[in-house]
Amino acid sequence: MTESNTNVSLKPEPRPEVPDLTMPFWDAAKRHELVVPRCTPCNAFFWYPREACPTCLRSDSWDWAKVSGNARLHTFTIVRQPLHPGFQEEVPYAFAVVQLDEGIRMMSNIVDCDVMEDIEIDMKLEVKFDDISDDWTLVKFKPA
Amino acid sequence: MSLRGKAAIVGFYEIPTQKEYPDRTTFGVMAEVARGAIKDAGLRKEDIDGLINGEGVNSITVAEALGIQPDYTASMTTHGSSGASSIATAAAVIAAGLANYVLCVFGEARPRSSSRMVGQAQGKGILPPASRATEWELPYGPVIAMNGWYGLIKQRHMFEYGTTQEQFAKLVVDQRFNAAANENAVWYGQPVTEEDVLNSRFTNDPLHLLESVMPCSGAHAVIVTSAERARSLPNDPAYILGVGGPATTHDVIWQKDDITTTPVVSSAPTALNMAEISINDVDMAQFYDCYSILAMACLEDAGVSKKGEIGPFYESTDTTYKGDFPINTDGGQIGAGQTGGVGGGFRHVVEGTRQVMGRAGLRQASKADICLVNG
């Protein structure tokens with residue numbers, strides 16, 4: 001790498017645009033709190049956040065509910081060839097479907113362990129907030 | 001109203017599936033296979049009054065490009081299942097009297113890999129607009145193409161049912177044997193061994209590269225008409241005995257409640273009940289196989305084996321065109337290539353037709369009266 005490149009990010013972050021609808025989730029993550037949508041009239045949790053409750057079809061009738069972050073591993077895959085070049089230097093890492101105790105499933109990473117040895121389906125997990133930068137935190141999970 | 005025996009496929013055509021057709025256009029290859037299928041059916045272009053194609057290209061645009069004036073037209077938009085679903089729709093359209101001769105045509109000629117292009121765009125800091133994928137998947141580092149999703153299913157299937165890497169590899173070995181005898185296949189003349197599959201690299205554990213499709217260019221077409229009209233045409237018709245679906249329930253795998261169970265669990269019984277047969281009456285299967293795990297989970301859900309026992313089934317069954325229960329006799333997508341423009345699933349329709357008509361040449365199975373096709 002030449003000196004002139006030092007200001008160029010070598011790891012282009014796949015940081016999403018955040019619409020107003022989901023801003024409270026990202027704000028909570030920054031505070032190291034996990035919140036998920038819960039329909040007020042029918043009480044159903046759901047993931048991912050969307051306009052209408054997929055259980056009762058009422059729109060704009062849900063609120064954010066704080067949850068424990070306790071979960072189990074539903075399934076996972078060890079990534080060698082990422083879609084996004086920004087992850088190339090992270091391989092191998094665990095890309096996983098996590099089932100929260102509230103019953104909803106989300107995509108995440110399993111961290112703070114040896115991904116080749118320590119991960120198995122159904123293992124207990126707890127939330128791990130990963131501060132990527134001052135204003136962006138990702139919700140990940142680690143063995144409980 | 002049952003569609004049993006109301007319609008038949010009376011002609012087909014395809015061009016070789018290749019990594020690229022750099023000097024051709026999508027409409028060019030669609031026109032070539034449309035012309036071939038119409039001719040094979042013993043018809044004229046003017047006879048075609050129905051048109052169904054895949055997603056990505058609006059059927060009105062296709063009609064205009066091919067100079068067809070359809071009385072009924074539609075683009076199928078259920079991803080991989082679009083190909084087989086086009087036949088279900090065509091049969092219903094014909095039975096309802098909305099059209100007499102339906103051209104179903106799928107293909108693409110661009111040197112395109114959508115995942116590669118998305119990856120390149122993202123590498124340049126360009127992200128698509130906020131969506132389920134960009135906000136809730138991309139920050140965690142998905143795998144190239146669809147490999148991550150199928151790795152997740154495969155891992156769970158191995159956990160729930162004890163399915164082994166060797167059993168998954170057997171599917172690939174059998175299909176590459178079939179592809180080796182298919183001059184239209186991208187892997188024509190190139191069989192592989194179990195060791196080749198198991199030694200191929202993991203794009204993502206536990207999924208090997210050789211268990212994945214190669215995105216390709218190519219095109220396929222068939223003509224569907226009523227059983228009555230079919231009897232006066234030159235080819236021995238492939239009658240459509242029953243259809244089910246598209247029963248797709250979700251856009252992305254992790255949104256599904258039971259990720260090792262596929263929508264075939266509802267579409268196959270619908271089709272078999274309509275046909276008034278059981279799975280035991282089926283001679284062969286042409287099943288959607290973007291990855292080994294998907295074909296295997298779908299075959300289970302169709303009842304080819306009990307749920308969870310497709311691994312032992314492959315271990316003990318020769319599924320090549322020479323075998324007791326042939327599966328994906330043209331090589332399937334894993335052996336012959338995944339045609340773009342959601343044409344991958346349509347190859348199963350064409351090969352099923354070829355086998356039932358008795359026109360599969362070297363690959364003709366000894367018994368091919370009833371073929372179950374899954375898109």
Side-chain angles (χ1 to χ4, degrees), chain A residues 9 12-22 25-26 29 46-50 54 73-88 90-99 103-111 115-116 119-122 130 132 136-141, chain B residues 113-160 201-209 212 250-260 293:
Chain A
S9 171
E13 286 167 353
R15 182 171 177 171
E17 278 180 45
V18 174
D20 292 345
L21 180 78
T22 62
F25 170 87
W26 296 103
F46 58 94
W47 189 257
Y48 51 96
R50 66 202 91 168
L73 180 59
H74 188 67
T75 187
F76 68 104
T77 189
I78 303 296
V79 183
R80 312 282 187 148
Q81 193 174 356
L83 171 67
H84 189 287
F87 288 92
Q88 196 59 53
E90 310 292 327
V91 300
Y93 58 88
F95 183 63
V97 181
V98 168
Q99 179 156 335
I104 53 176
R105 288 189 198 148
M106 55 175 59
M107 294 306 306
S108 189
N109 298 126
I110 310 304
V111 296
V115 298
M116 300 309 296
I119 300 182
E120 50 189 38
I121 286 179
D122 265 358
D130 186 357
I132 305 293
W136 192 35
T137 297
L138 284 175
V139 174
K140 299 185 178 178
F141 290 83
Chain B
S113 162
S114 56
S115 61
R116 190 167 65 224
M117 286 172 65
V118 169
Q120 285 166 353
Q122 287 156 358
K124 290 171 190 157
I126 305 162
L127 276 173
S131 69
R132 181 207 68 229
T134 55
E135 201 171 6
W136 310 117
E137 297 163 8
L138 203 57
Y140 301 106
V143 189
I144 52 147
M146 299 291 120
N147 294 40
W149 311 124
Y150 290 94
L152 294 169
I153 301 178
K154 182 177 174 183
Q155 186 92 272
R156 184 81 198 178
H157 200 280
M158 294 170 85
F159 171 81
E160 288 179 357
R201 68 182 168 86
F202 287 121
T203 54
N204 50 301
D205 318 27
L207 188 71
H208 296 92
L209 182 67
S212 318
H250 56 278
D251 192 32
V252 70
I253 283 149
W254 64 271
Q255 280 285 301
K256 197 166 188 324
D257 287 338
D258 177 356
I259 68 168
T260 55
I293 174 61

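So that the names make sense, note that chain A is the first sequence line, chain B the second, and so on, each numbered from 1. All heavy atoms count here, side chains included; hydrogens, waters and symmetry mates do not.
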Main-chain N/O of B/Leu152 paired with A/Thr75 side-chain donor or acceptor, under 3.5 Å
yes

B/Glu160: partners by salt bridge (Lys or Arg N to Asp or Glu O under 4.0 Å), with sequence neighbours left out:
B/Arg156

Please name the pair of heavy atoms, one in B/Glu137 and one in B/Trp254, separated by the smallest distance, quoted to 0.1 Å.
OE2-NE1, 2.7 Å

Top residue by heavy-atom pair count (under 4.5 Å) with chain B, among A/Lys140, A/Arg80, A/Met116?
A/Arg80

A/His74 to A/Ile121 - nearest heavy-atom pair and separation:
O-CG2, 3.4 Å

Which pair of non-hydrogen atoms, one from B/Phe202 and one from B/His208, has the smallest distance, and what is that distance?
CE2-NE2, 3.5 Å

Among B/Gln255, B/Arg201, B/Gln155, residue most engaged with chain A (heavy-atom pairs, under 4.5 Å):
B/Gln155

Which one of B/Gly148, B/Gly141, B/Pro206, B/Gly151 has the most heavy-atom pairs closer than 4.5 Å to chain A?
B/Gly141

Looking at B/Val143, B/Asp205, B/Ile153, B/Ile259, which makes the most heavy-atom pairs under 4.5 Å with chain A?
B/Asp205

Using a cut-off of under 4.5 Å on heavy-atom pairs, state which of A/Leu21, A/Ile104, A/Asp122, A/Val91 scores highest against chain B.
A/Asp122

Checking A/Trp47 against chain B: side chain, backbone, both or neither under 4.5 Å from a heavy atom?
both

If you take all heavy atoms of A/Ile119 and A/Ala94, which pair is closest and at what distance?
CD1-CB, 3.6 Å

Under a 4.5 Å cutoff for heavy-atom pairs, which residue among A/Pro92, A/Ala96, A/Ser108 has the most contacts with chain B?
A/Ser108

Looking at A/Tyr93 and A/Phe87, would you say the former's side chain and the latter's main chain have a donor-acceptor pair under 3.5 Å?
no

B/Asn147 portion near chain A, given a 4.5 angstrom heavy-atom threshold
neither

Would you mind checking which part of A/Val139 comes under 4.5 Å of any heavy atom in chain B, side chain (CB onward), backbone (N, CA, C, O), both or neither?
both

